[in-house]
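Working notes, structure below.
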Amino acid sequence: MPSSFYITTAIDYANGSPHLGHAYEKVLSDVISRHMRMSGRKVHFLTGLDEHGQKVQQTALKRGVEPQVLVDEIAAVFKGMLGDLNISHDDYIRTTEPRHKKVVQQFLQQLFDQGLIYKGQKTDWYSTRQEQFLTDKDRDPDGSWPEIYGEVTQTTEENYYFKLSQFQPWLVEHIKSHPDFITPRFRQNQVLEFLKEPMNDLCISRPKSRLTWGIELPFDTSFVTYVWFDALTNYYSAVADKGLWPADVHVIGKDILSPPHAVYWPCMLQALGIEPPRQLLVHGWWTVNNQKASKSSGNATNTLGFAASHGADAFRYYLCREMVVGQDADFSTTTFENRYKADLGNNLGNLVNRLLNMVGRNYAGLIPAAAADEDLEKNLRQLWSDSIKKYGESFAEYQVSHALEALWVFISAMNAYIEARAPWKLAKSTDAADRARLDSCLAHVAEGLRLVGTILTPVMPATCDKLLTNIGRPVATHFDGQLSWSAACTGSQVAEKCILFPPIEVPTETPSA
RNA sequence: AGGCCCUUAGUUCAGCGGUCAGAACAGCGGACUCAUAAUCCGCCUGACGCGGGUUCGAAUCCCGCAGGGCCAACCA
């Protein structure tokens with residue numbers, strides 16, 4: 001029985017348009033999902049949309065539409081992006097769905113019954129602009145409130161609180177005893193640092209007088225629950241009836257690691273008697289041409305155009321190749337075009353065409369069986385086993401950029417191997433030994449490309465299908481038995497010509513400032 | 001206040017205790033022609049931010065310093 005693998009992205013907030021950050025997280029998760037599926041895991045890949053809250057309510061009000069109408073529109077846009085990027089999610093959860101609300105309310109009721117949610121009254125300073133209560137810690141040294149809070153007034157408001165603080169010792173222990181819980185490791189320090197300070201209990205409600213667009217507290221319908229119990233619960237509510245919990249990986253951005261995913265979420269689950277997720281995979285942020293990605297300039301939204309102009313696969317490859325998981329990275333037109341032209345067009349795409357042409361010319365399109373076996377062939381095969389080993393090791397840590405780097409060493413080596421064999425010379429020879437070498441040369445390149453097309457299918461699914469089809473092989477659906485050197489290509493009929501990555505004229509960018 | 005990350009060839013970055021420090025791209029020179037003027041070969045530059053320390057040995061660990069970013073909003 002295949003072991004299951006449950007992976008999630010953070011759910012996007014239904015306010016604004018999808019941009020590079022949203023795209024990256026989906027692509028990374030998708031590549032992992034497809035890789036795991038091909039590795040034989042029973043994958044469940046969840047993504048979705050966070051649709052409640054003040055911002056949505058305000059935007060809807062401004063637009064003069066019902067919030068539900070607004071989020072329906074936004075959901076369509078975000079789902080459109082998933083299609084454009086060829087994301088293979090198994091489920092899409094929206095926090096306004098009944099299946100989600102039901103679980104959120106069950107959670108709240110259970111904690112209330114356990115006495116872990118209490119009603120509190122706080123007289124406090126409240127920032128209207130930030131929609132949050134302030135403490136003396138938030139004051140400037142001179143005692144005034146920082147500009148960002150806008151008008152600060154003293155108010156008394158009743159709200160419900162979750163007894164977060166009593167789970168702090170458990171959480172610290174859990175993080176320390178599960179070193180892979182927060183990946184990459186250096187992110188863990190941040191969280192442990194945060195946990196050195198005593199935590200406050202977590203305010204989990206808003207009175208309906210201030211916010212109506214949310215899920216009602218089951219034990220007090222004059223309140224809705226506020227952000228975390230709503231949003232984080234999606235990971236569980238989506239699979240509540242599927243027996244898939246705990247999640248194997250939550251893929252998230254560094255901004256929502258601490259406190260939400262590393263603190264609130266595990267503590268909530270612990271309080272409910274539910275296992276915490278196994279791992280948080282924390283990625284960094286993209287800049288665009290060294291500028292911070294911002295909504296106002298739209299710079300991060302514009303980058304999505306590369307998926308349209310150069311194909312989703314090229315875009316997916318670029319994102320995976322360029323960002324070291326965990327670190328920040330920069331998206332630039334120059335590096336994108338370089339990767340497209342050099343890595344994809346010249347190194348890989350052109351190599352496919354070299355093979356097709358030579359097999360067509362010398363063997364009527366039928367891939368020959370390897371006959372000669374000399375050092376050149378032995379070395380190439382050895383390099384494959386080294387490369388696939390590194391690929392696997394890097395991928396096991398979700399270091400996709402390193403995995404791809406290792407694979408391209410092999411692709412480059414195939415080009416060099418052809419050069420060393422010089423099949424165009426062998427073809428002119430009448431020597432039987434040369435003919436055997438020619439057989440081997442084309443057989444080896446074909447097999448090398450079959451292997452590359454197989455392992456790379458999760459990263460560039462459509463392209464790899466095309467590659468494999470063009471060398472006369474079926475598309476790759478699993479890795480088992482398909483990643484070691486074989487004679488699988490012998491006798492396959494190849495296509496006449498195949499341009500995987502056509503040269504693309506990119507219109508000069510609209511000048512940005 | 002405190003904490004975290006980054007600082008390595010012209011550029012983007014990898015390496016994170018042990019062979020004379022690497023890749024890609026760019027640049028220069030050469031080879032080749034099967035190919036989407038593509039591929040291959042060679043060359044090129046670096047006090048691995050600065051100053052201390054630990055060690056037989058440090059880009060790699062520790063301390064201090066400097067510069068950039070983040071821990072506050074939109075936001076992955």
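Per chain, numbering begins at 1; letters A, B, ... match sequence-line order. Below, all heavy atoms of this structure are taken into account, side chains as well, without hydrogens, waters or symmetry copies.
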Picking from U36(B), C41(B), C74(B), the nucleotide nearest the side-chain atoms of Ala416(A) would be C41(B)
If you only use heavy atoms from C-beta on, which nucleotide in U39(B), C40(B), C5(B) is closest to the side chain of Gln327(A)? C5(B)
[atom1] spacing across the pair [N] / [M], given as an integer number of angstrom:
N	M	atom1	result
C61(B)	U7(B)	P	11 Å
G46(B)	A37(B)	C1'	32 Å
A23(B)	C44(B)	P	12 Å

With a 4.0 Å cut-off on heavy atoms, is [X] in touch with a base, just the backbone sugar-phosphate, or nothing at all?
X	answer
Phe501(A)	base
Pro423(A)	nothing
Arg361(A)	sugar-phosphate
Trp286(A)	base
Leu500(A)	base
Gly326(A)	nothing
Gly21(A)	base
Lys341(A)	sugar-phosphate

Starting at atom [atom1] of [X], determine the distance to atom [atom2] of [N], rounded to an integer number of angstrom.
X	N	atom1	atom2	value
Asp255(A)	G69(B)	CG	P	18 Å
His402(A)	A14(B)	NE2	P	7 Å
Trp285(A)	C6(B)	CH2	P	18 Å

Is there, by distance only and without an angle test, a donor paired with an acceptor across the side chain of His19(A) and the base of A76(B) below 3.5 Å? yes
Apply ring-ring contact (aromatic ring centres under 6.0 Å, His included) to the pair Trp408(A) and Tyr317(A), showing each step before the final yes or no. CA-CA 12 Å; Trp408(A) 251 257; Tyr317(A) 171 77; 4.8 Å; yes
How far apart are the C-alpha atoms of Tyr6(A) and Phe45(A), what are their side-chain angles, what is the distance that settles it, and do they pass the ring-ring contact (aromatic ring centres under 6.0 Å, His included) test? CA-CA 6 Å; Tyr6(A) 176 31; Phe45(A) 172 17; 9.8 Å; no
Looking at Asn347(A), I'd like to know whether one of its side-chain N or O atoms comes within less than 4.0 Å of OP1 or OP2 on U39(B). no
OP1, OP2 of A76(B) versus side-chain N and O of His283(A): anything below 4.0 Å? no
Name the residue closer to the 5' end of RNA chain B, choosing between Ala329(A) and Thr287(A) according to the nucleotide with the nearest heavy atom. Ala329(A)
Near Lys378(A) NZ, under 6.0 Å, is it more than 12 heavy atoms from other residues, nucleotides or ligands? yes
Under 30°, 30 to 60°, or over 60°: which ring-plane class applies to Tyr340(A) and Phe336(A), parallel, tilted or perpendicular? parallel
Syn/anti state for A47(B) [syn: chi within 90° of 0]: syn
